[in-house]
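Just the heavy atoms: all of them, side chains too, but no hydrogens, waters or symmetry mates, feed the values below. These figures come from a predicted structure and were not determined experimentally.
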Amino acid sequence: MIFVGGLPCESNSAQGSDDLAALLEHPALVSAALSFQAVPEKKFSSSDVADFDGLGQRKHVYLFQREYATVDPSLVDLIGTDEATTCVGLIIRNRESGMTSVAHMDSPEVVDAGLSQMLSGVVDPKYEAELDVHLIGGFEEHMDNNTGHSLPLCAKIVEALRKSTEKFHIQTLFVLGDNTRTDAEGNAYPIFSGFLVETLTGSVIPASFDKITRCPDELVRRIRVSASFEDPCWRGKLLETYNTQTDQFIIAPCYWNLRFVHVAYALRKYADSEILHICSTSPSAEAPDFVENQRRQWDYLIGHPDWKETFKMGKPRIFERSSSGDWIMVE
């Protein structure tokens, strides 16, 4: 059930795309999108972890593509993601408890199960909850007819929210045309590809992260995204990453076979421009380090062809925060 400005949004359509179109024209959400666009993007770095706006060390959780995490504001100050071009970030926050779940969704196929995974951490079935929602990401990859990867994903998310019995109060809908800019040649790009949520207040700002703050276990988590497409354990689901109660990163295992390694051998022979077009849904919109990150993953796979070398005994990789805020692998 979707609310905007405290009022329910009635729908006479079974199509999520129709509901999405109506929401994109809602005056309150148009105003919110303009306000969000006017906020300067925060360049989140290791210095911000140590001292964010002079408030001392702050704990953050970072999410890669197809991951989700639910955080307790008493344990985590900030949660965010970036590198979303055709992907969409979904934020759900319980108004009363402050429990906040964030997902980096990359396909309509993960929306239904993914929403259930997110709600399991922010809603107590015994009580009715008021949930604030933000959708940020995706852009109009093809300006002529508004097709591509982003539109079906946004429509599916809106459809899932509408069909749910939970009360979702949409606060920000910064997607598709609102999140699109063009260059002199007419190429389309997302205005923002990431965000940061302050869990105590629920405020959301545009953000990007550096390599150090995309942690822990950056390379293995990147590989896990690609490998999960062929692992039936993760079909239609978001990747388990973080334990809400213990404030630990528990990187659930994902297997890869020799075919996956052979693909890595083959792909790393291509030129950078070819890799962009083969591996990205939006080649012109990727960050400058996209190809470098792909090559690092392939090198790792070639050096570790057996997935159980990475996930010992097929078990998760577990990381705990040290007193200095760094992540330490304990298993």
Can you tell if the side chain of [X] reaches within under 4.5 Å of the side chain of [Y], non-hydrogen atoms only?
X    : Y    : answer
L131 : N94  : yes
E141 : S150 : yes
M99  : T244 : yes
I251 : R224 : yes
D19  : E159 : no
I157 : M105 : yes
T70  : Y242 : no
E83  : F209 : no

Short side-chain donor-acceptor distance under 3.5 Å, [Y] and [X]:
X    : Y    : value
T86  : H149 : no
T310 : Y300 : yes
E240 : Y68  : yes
T201 : E198 : yes

From [X] atom [atom1] to [Y] atom [atom2], the distance as rounded to the nearest 0.5 Å:
X    : Y    : atom1 : atom2 : value
E128 : E166 : CD    : CD    : 8.0 Å
I275 : F290 : CD1   : CZ    : 9.0 Å
D178 : L176 : CG    : CG    : 8.0 Å
L196 : Y62  : CG    : OH    : 11.5 Å
R268 : R296 : CZ    : CZ    : 14.5 Å
R181 : D183 : CZ    : CG    : 7.5 Å

Between [Y] and [X], is the closest basic N to carboxylate O distance under 4.0 Å?
X    : Y    : result
K43  : D210 : no
D326 : R321 : no
R222 : E67  : no
D112 : K163 : no
K59  : D77  : no
D124 : K126 : yes
K211 : D82  : no

Q: Kindly check if the number of other-residue, nucleotide or ligand heavy atoms within 6.0 Å of OH (Y270) is above 12?
A: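 Atom OH in Y270 is not crowded, with 12 or fewer foreign heavy atoms closer than 6.0 Å.
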Q.
How about CD1 on I278, more than 12 heavy atoms from neighbouring residues, nucleotides or ligands closer than 6.0 Å, or not?
A.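 Above 12, so yes.
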Keeping the roles fixed (side chain from [X], backbone from [Y]), state whether a donor-acceptor pair exists under 3.5 Å.
X    : Y    : result
S228 : V225 : yes
H60  : T213 : yes
R93  : T199 : yes
D289 : E292 : no
D217 : V220 : no
E140 : A188 : no
Q297 : N293 : yes
D231 : C254 : no

Sequence neighbours left out, cut at 3.5 Å: what donor-acceptor pairs do the side chains of residues 24-31 make with other protein atoms?
unit_1: H26; atom_1: ND1; unit_2: A28; atom_2: N; d: 3.1

Q) In terms of hydrophobic clusters joined by side-chain contacts under 4.5 Å, are I2 and L135 together? A)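 Same hydrophobic cluster.
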**Q.** Common cluster, V4/L173, ILVMFWY with side-chain heavy-atom separation under 4.5 Å
**A.**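 Per the 4.5 Å side-chain linkage, V4 and L173 are co-clustered.
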Q: Could you identify which residues cluster with F3, counting Ile, Leu, Val, Met, Phe, Trp and Tyr as linked when any side-chain heavy atoms lie under 4.5 Å apart, either directly or through a chain of such contacts?
A: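 M1, all in the cluster of F3.
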Q | Cluster companions of V330 among Ile, Leu, Val, Met, Phe, Trp, Tyr (side-chain spacing under 4.5 Å) | A |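 Same cluster as V330: I250, I318.
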Q. Does the ring center of F195 lie less than 6.0 Å from the ring center of H134?
A.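 No - the distance between ring centres of F195 and H134 does not fall below the 6.0 Å cut-off.
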Q: Please work out whether the ring planes of F192 and F174 are parallel, tilted or perpendicular, with thresholds of 30° and 60°.
A: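 Tilted, since the angle between the ring planes falls between 30° and 60°.
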Q.
Tell me whether the rings of Y265 and H262 are parallel (<30°), tilted (30 to 60°) or perpendicular (>60°).
A.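 The arrangement is tilted - the two ring planes meet at 30° to 60°.
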Q: Could you tell me whether R66 sits above the aromatic face of F229, with NZ or CZ closer than 6.0 angstrom to the six-membered ring centre and within 45 degrees of the axis?
A: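 Satisfied, under 6.0 Å and within 45°.
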Q | Closest contact, heavy atoms only, A129 versus K167 | A |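 For A129 versus K167, the nearest heavy atoms are O-CB, 3.8 Å.
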Q. Considering all heavy atoms of both residues, which atom of A285 and which atom of Y189 are nearest to each other, and what is their separation?
A.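 What the structure gives for the nearest pair is CA-CD2, 3.8 Å.
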Q: Run the numbers on N243 and Q248 for side-chain hydrogen bond (donor to acceptor under 3.5 Å, both in side chains), then give the verdict.
A: CA-CA 5 Å; N243 186 292; Q248 292 176 312; 5.5 Å; no
